[in-house]
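Below is one structure, written out as structure tokens, with a few remarks after it.
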Protein chains: 2
Amino acid sequence: MPTIKDIATLAGVSIATVSRVLNNLGGYSEETRKKVMAAAESMNYYRNEMAAGLKKSSAHIIGLIMPTSPTLFYGDIIEGLESEAQKHGYGVIIAHASADGINLSEIISLMAERRVEGLVIASMALVQNVITQINGLPFPVVLVSTKSDKSIPYIKVDDESASFDATEYLIHHGYEKIAIAGPNISDQIAGVPRINGYKRAMQKHHLPVDPDWIFYGTFSFESGIQAMKYYFQLSNRPEAVFSVSDDTAIGIIVTATQEGLQVPKDIAVIGYDNTRVAEMSNPPLTAISQPFFEMGAKAGRKIIDAVESNQPIESEILPHTIVERRSV
Amino acid sequence: MPTIKDIATLAGVSIATVSRVLNNLGGYSEETRKKVMAAAESMNYYRNEMAAGLKKSSAHIIGLIMPTSPTLFYGDIIEGLESEAQKHGYGVIIAHASADGINLSEIISLMAERRVEGLVIASMALVQNVITQINGLPFPVVLVSTKSDKSIPYIKVDDESASFDATEYLIHHGYEKIAIAGPNISDQIAGVPRINGYKRAMQKHHLPVDPDWIFYGTFSFESGIQAMKYYFQLSNRPEAVFSVSDDTAIGIIVTATQEGLQVPKDIAVIGYDNTRVAEMSNPPLTAISQPFFEMGAKAGRKIIDAVESNQPIESEILPHTIVERRSV
DNA sequence: TTGGCTTACGTATACGTTTACGTAAGCCGT
DNA sequence: ACGGCTTACGTAAACGTATACGTAAGCCAA
């Protein structure tokens, strides 16, 4: 590929002048500019970002690490981050870590080798030695839709209070026998806080919590099917379910419908995430909405701000909302 | 950040030796290796890929460009590509182009500046000057789930024959009044061929095609809702619908159900793509399946092969399948 | 005339690696 | 003792760009 040296030769100027013209730095005559531009065009020149980045010691790239689990909202996070990055002339390099985070440390190293300007880690739990590694990194890192200890800033909604609101929303609609489906007791980020929020809402309204109503599971559609089958054979059957994901909620709805129950008349369901499947469910799913696109965009903006101002990133709790449809 | 020069100083060797040790090239004693590794560890060294890439003139990065439209299968393409890339030590840099491709040329330039090893463009229509630009690029480009002229290799399923199969599947299940919902007549890639496949199947089985049965639209859920409302007020109402996307199909199912029709008894629906919503529909959606993860992975492999063997990439038509569920 | 300022360049170095090449030391066989 | 081979290094030159610095030319004021 042609270099500025080739352009310089063809245009009959020095490489410094070519560089100045190409970067709009001024200090050249209009005539020279035309010669250089013409030469560059004719040679099909593309600037070498690696060389430029090496010299300027900045790659203008933001890294993004996500788990390899098939979840629907990742697309929104990517698009949010990428749109913000593109706006500021940054690129986004993305890598998937296995959901258990086994290879996370390696992937972080690869990002460091690429000299990313900053790193976004979405929806992954961090073990201690990864936290240590991150704290030793010379660029900002921000967590999205997850958190660890105080040392790493994060952007997420408040799971406990979102769960409280979801549960209270059901209570306000007259339901008293309310279940929670899907939480994982060993998940300190999206499991335990959601159970706590659920319990707090029930307690506030002096409603009993039947331990049988807590169906531990995953965020999957299948988990929702299992949850509903489980509830179905309960003697003290719940009238409403707060589900920890939209997929799980739809699993519940589909299974309930197949068993002859009507949603929301016989059983109400509220989901979590408000992904695109929520509106496609039948009936359409009422759900807690997480602003994934905004989370991605915000992560990008915070990193760019941090790089340009040299200030540390501050965590941010984003507001959740309840998108009302017809499943409650 | 520390450089190999710093390591060399600390370990008391030359930078060449450090480089050799760090790259496992041999030509050093075990004692030296240990000294170097210890020094590198203690300084928290990360290799500078920009410098290495500049010297070796290879960035070990594959570019991926996708439209910014909210479609569910992009995640699978990304994951397929990224998993294959990671396996071979490549990174993936991703950029979104507006769906109309206005800024596509710029984005391709950015990829060229980053000296990607190859470029994957997914699901975008290419205008002539972009095609020209691509043909002038010094690295391989492969299209995924789209095609242009002969000059650029692509990986996709055969839309015409998939549509033929979908339609024939309905015919084999006894339906005769079959509609097609969602195609766009100006879409030469996913519009016209699907209409043609549909018509060919109908003709083969000597079934009449009522022009009213072709509902032109988009790939969206809303388009499905509109399609069903439209079919509903038709005097010659179809008994089955071939829908150009899963979202559209589910829009049809939801609307039909709300209007009191039963799926598939009163109206059968077959979707296209087999995204994750297909199994979550009620009833679960029978659909043409496109292997998106495999498409991404294959694109990655072809690029890596092309780079390493210096051979051009050949187009490939991937087989589609019909995933049978309960909407037919 | 001289000095100083501005404009429009060119020269040369640095960024951090990789790697071709040189070389000293050690060992072998003759 | 000598040449030749191998091993374990070091030296130095790239890769393509940005940029600090130098400088010649032109202009103006005193």
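Below, all heavy atoms of this structure are taken into account, side chains as well, without hydrogens, waters or symmetry copies. Lettering follows sequence order; numbering is per chain, from 1.
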Check: B:Arg20 side chain, D:dG10 base, donor-acceptor under 3.5 Å: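 Indeed, a donor on one side and an acceptor on the other fall under 3.5 Å apart.
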A:Lys56 (side chain) and D:dA18 (base): donor-acceptor pair under 3.5 Å: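 Checked by distance alone, the answer is no.
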Heavy-atom side-chain proximity of B:Asn135 to B:Ile152 below 4.5 angstrom: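 When only atoms from C-beta onward are counted, B:Ile152 and B:Asn135 do touch, with a gap below 4.5 Å.
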Would you kindly give the [atom1]-to-[atom2] distance between [X] and [N], to the nearest whole Å?
| X | N | atom1 | atom2 | answer |
| --- | --- | --- | --- | --- |
| B:Leu54 | D:dA13 | CG | P | 17 Å |
| A:Arg33 | C:dT7 | CZ | P | 18 Å |
| B:Asp6 | C:dC15 | CG | P | 11 Å |
| B:Glu30 | D:dC9 | CD | P | 11 Å |
| B:Tyr28 | D:dG10 | OH | P | 14 Å |
| A:Leu22 | D:dT17 | CG | P | 8 Å |
| B:Ile4 | C:dT18 | CD1 | C1' | 8 Å |
| A:Met43 | D:dG16 | CE | C1' | 14 Å |

Out of [options], which nucleotide sits closest to the side chain of [X]?
| X | options | value |
| --- | --- | --- |
| B:Ala51 | D:dG10, C:dT17, C:dG10 | C:dT17 |
| B:Ile15 | D:dC9, D:dG10, C:dT18 | C:dT18 |
| A:Ser14 | C:dT17, D:dC15, C:dG10 | C:dG10 |
| B:Arg47 | D:dT19, C:dT18, D:dT17 | C:dT18 |
| A:Asn23 | C:dT17, C:dC9, D:dA18 | D:dA18 |

Modelled atom types, side-chain donor and acceptor of B:Asp100 and B:Ser98, under 3.5 Å: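 Judged by distance alone, the side chains do pair up.
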Point-to-point distance, once rounded to the nearest 0.5 Å, from CD1 of B:Ile62 to CD of B:Glu117: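 B:Ile62 CD1 to B:Glu117 CD: 8.0 Å, rounded to 0.5 Å.
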Compare side-chain N and O positions of [X] against OP1 and OP2 of [N] and report whether any pair is under 4.0 Å apart.
| X | N | result |
| --- | --- | --- |
| A:Ser29 | C:dC9 | yes |
| B:Tyr45 | C:dT17 | yes |
| B:Ser19 | C:dT19 | no |

Among B:Leu318, B:Asp76, B:Ile78, side chain to side chain contact (heavy atoms under 4.5 Å, CB included) partner for B:Phe292: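 Among the candidates, only B:Asp76 passes.
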Touch class at under 4.0 angstrom, heavy-atom based, for B:Thr3 against every strand present: sugar-phosphate
Along DNA chain D (nearest heavy atom to each residue), the more 5'-positioned of B:Gly27 and A:Leu25: B:Gly27
Contact nearer the 5' end of DNA chain C, comparing A:Ala16 with B:Thr17: A:Ala16
Reference residue B:Gln86; test side chain to side chain donor-acceptor pair (under 3.5 Å); the match among B:Glu84, B:His88, B:Glu82: B:Glu82
A:His96: partners by ring pair (Phe, Tyr, Trp, His ring centres under 6.0 Å), with sequence neighbours left out: none
